[in-house]
Amino acid sequence: QVQLVESGGGLVQAGGSLRLSCAGSGGTFRTGTRGWFRQAPGKEREFVATIGLSGGGTDYADSVKGRFTVSRDNAKDTVYLQMNSLKPEDTAVYYCAAGRRLARDYRVYNSWGQGTQVTVSS
């Protein structure tokens with residue numbers, strides 16, 4: 001099972017940018033899909049973005065499309081989430097996950113990181 005560690009969260013003003021990283025280890029190509037999810041206090045876990053093993057397949061939630069970009073460096077087994085034009089409603093704990101196929105359903109993913117806090121002030 002792949003182990004995932006997120007980093008890069010923090011406090012930023014509205015309109016600012018952050019880049020999250022998700023470093024993986026111990027996995028195989030069969031868990032090569034990586035997804036980003038987020039969860040705000042009192043809310044359910046929400047899909048943000050996902051990227052396939054080759055990096056050519058991506059999908060984004062409508063709420064972040066055009067503002068967030070997911071990418072990966074397979075040599076480093078690291079996935080990135082570049083977040084621009086951040087809004088207060090983007091405030092949440094962001095989680096990285098590994099799975100076998102592109103999907104918006106968190107139940108498809110079988111390995112999760114510990115999460116990193118992103119706080120956007122107005």
Side-chain angles (χ1 to χ4, degrees):
Q1 192 172 13
V2 63
Q3 289 79 47
L4 302 170
V5 179
E6 304 97 333
S7 61
L11 173 64
V12 64
Q13 289 188 332
S17 298
L18 282 174
R19 188 177 82 155
L20 304 184
S21 298
C22 173
S25 62
T28 69
F29 73 93
R30 286 173 292 184
T31 54
T33 295
R34 297 287 186 269
W36 286 99
F37 292 78
R38 66 187 182 186
Q39 189 165 19
K43 295 188 176 181
E44 294 187 352
R45 193 172 341 187
E46 176 187 23
F47 167 75
V48 176
T50 186
I51 185 166
L53 177 60
S54 66
T58 58
D59 187 24
Y60 296 91
D62 289 344
S63 59
V64 307
K65 198 171 296 184
R67 301 188 297 123
F68 291 10
T69 302
V70 61
S71 62
R72 67 189 299 162
D73 182 341
N74 285 342
K76 298 180 179 179
D77 199 1
T78 299
V79 176
Y80 305 97
L81 185 68
Q82 177 66 43
M83 306 185 295
N84 299 328
S85 303
L86 282 162
K87 305 175 181 180
E89 51 263 44
D90 293 318
T91 295
V93 177
Y94 283 70
Y95 298 91
C96 176
R100 297 189 176 190
R101 58 180 176 90
L102 292 176
R104 296 188 173 198
D105 187 344
Y106 72 90
R107 294 170 293 183
V108 172
Y109 298 84
N110 50 28
S111 296
W112 292 83
Q114 82 289 349
T116 185
Q117 176 70 46
V118 171
T119 303
V120 184
S121 63
S122 57

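These numbers come from the heavy atoms of this one structure, side chains and all, not from hydrogens, waters or symmetry mates.
- There is a path of hydrophobic side-chain contacts, each under 4.5 Å, that joins Phe68 to Val79.
- Across every non-hydrogen atom of Leu81 and Ala49, the tightest pair is CD1-CB, 4.2 Å.
- Minimum heavy-atom separation, Ala92 to Ala40: CB-N, 3.9 Å.
- In this structure, CD1 in Ile51 is found 9.5 Å from OG1 in Thr33, a value given to the nearest 0.5 Å.
- The environment of CD in Gln13 is sparse: at most 12 heavy-atom neighbours from other residues, nucleotides or ligands sit within 6.0 Å.
- Tyr94 is linked by a ring pair (Phe, Tyr, Trp, His ring centres under 6.0 Å) to nothing, counting only residues two or more places apart in sequence or in another chain.
- Scanning both residues, Ser25 and Asp77, for their nearest heavy atoms gives N-OD2, 3.9 Å.
- In the hydrophobic clustering of ILVMFWY residues, with side-chain heavy atoms under 4.5 Å counting as a link, Leu18 and Val64 come out together.
- If you check the side chains of Ser17 and Asn84, you find a donor sitting under 3.5 Å from an acceptor.
- When only modelled atom types and interatomic distance are considered, Thr50 and Tyr109 share a side-chain donor-acceptor pair under 3.5 Å.
- Arg38 approaches Ser63 most closely through the heavy-atom pair NH2-OG, 3.6 Å.
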Residue pair Asp90, Lys87: steps toward the salt bridge (Lys or Arg N to Asp or Glu O under 4.0 Å) verdict: CA-CA 5 Å; Asp90 293 318; Lys87 305 175 181 180; over 6 Å; no
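- Linking Ile, Leu, Val, Met, Phe, Trp and Tyr residues whenever their side-chain heavy atoms come within less than 4.5 Å leaves Val93 and Val70 in two separate clusters.
- Cluster membership for Tyr106 and Val108, using ILVMFWY side-chain heavy atoms within less than 4.5 angstrom, is shared.
- Checked by atom type and distance alone, the side chain of Arg67 pairs as donor or acceptor with a backbone atom of Ser85 at under 3.5 Å.
- Of all heavy-atom pairs spanning Trp36 and Leu20, the tightest one is CH2-CB, 3.7 Å.
- The closest side-chain heavy-atom distance from Arg34 to Arg72 is below 4.5 Å.
- Here OH of Tyr80 is found 5.0 Å from CG of Asp73. Values are rounded to the nearest 0.5 Å.
- With contacts defined as side-chain heavy-atom distances shorter than 4.5 Å, the pair Phe47/Tyr60 does not qualify.
- The salt bridge (Lys or Arg N to Asp or Glu O under 4.0 Å) test applied to Asp59 returns Arg104, not counting sequence neighbours.
- Scanning both residues, Met83 and Val118, for their nearest heavy atoms gives CE-CG2, 3.9 Å.
- Under a cutoff of 6.0 Å and an axis angle of 45°, Arg45 and Phe37 do not form a cation-pi pair.
- Within the 3.5 Å criterion, the main-chain N or O of Thr119 finds no donor-acceptor partner in the side chain of Thr91.
- Atom-to-atom distance recorded for Arg19:CZ and Ser7:OG is 9.0 Å, nearest 0.5 angstrom.
- With hydrogens and angles ignored, the 3.5 Å screen pairs a side-chain donor or acceptor of Glu6 with a backbone N or O of Gly115.
- Going from atom OG of Ser21 over to atom CG of Leu4 covers 12.5 Å, rounded to the nearest 0.5 Å.
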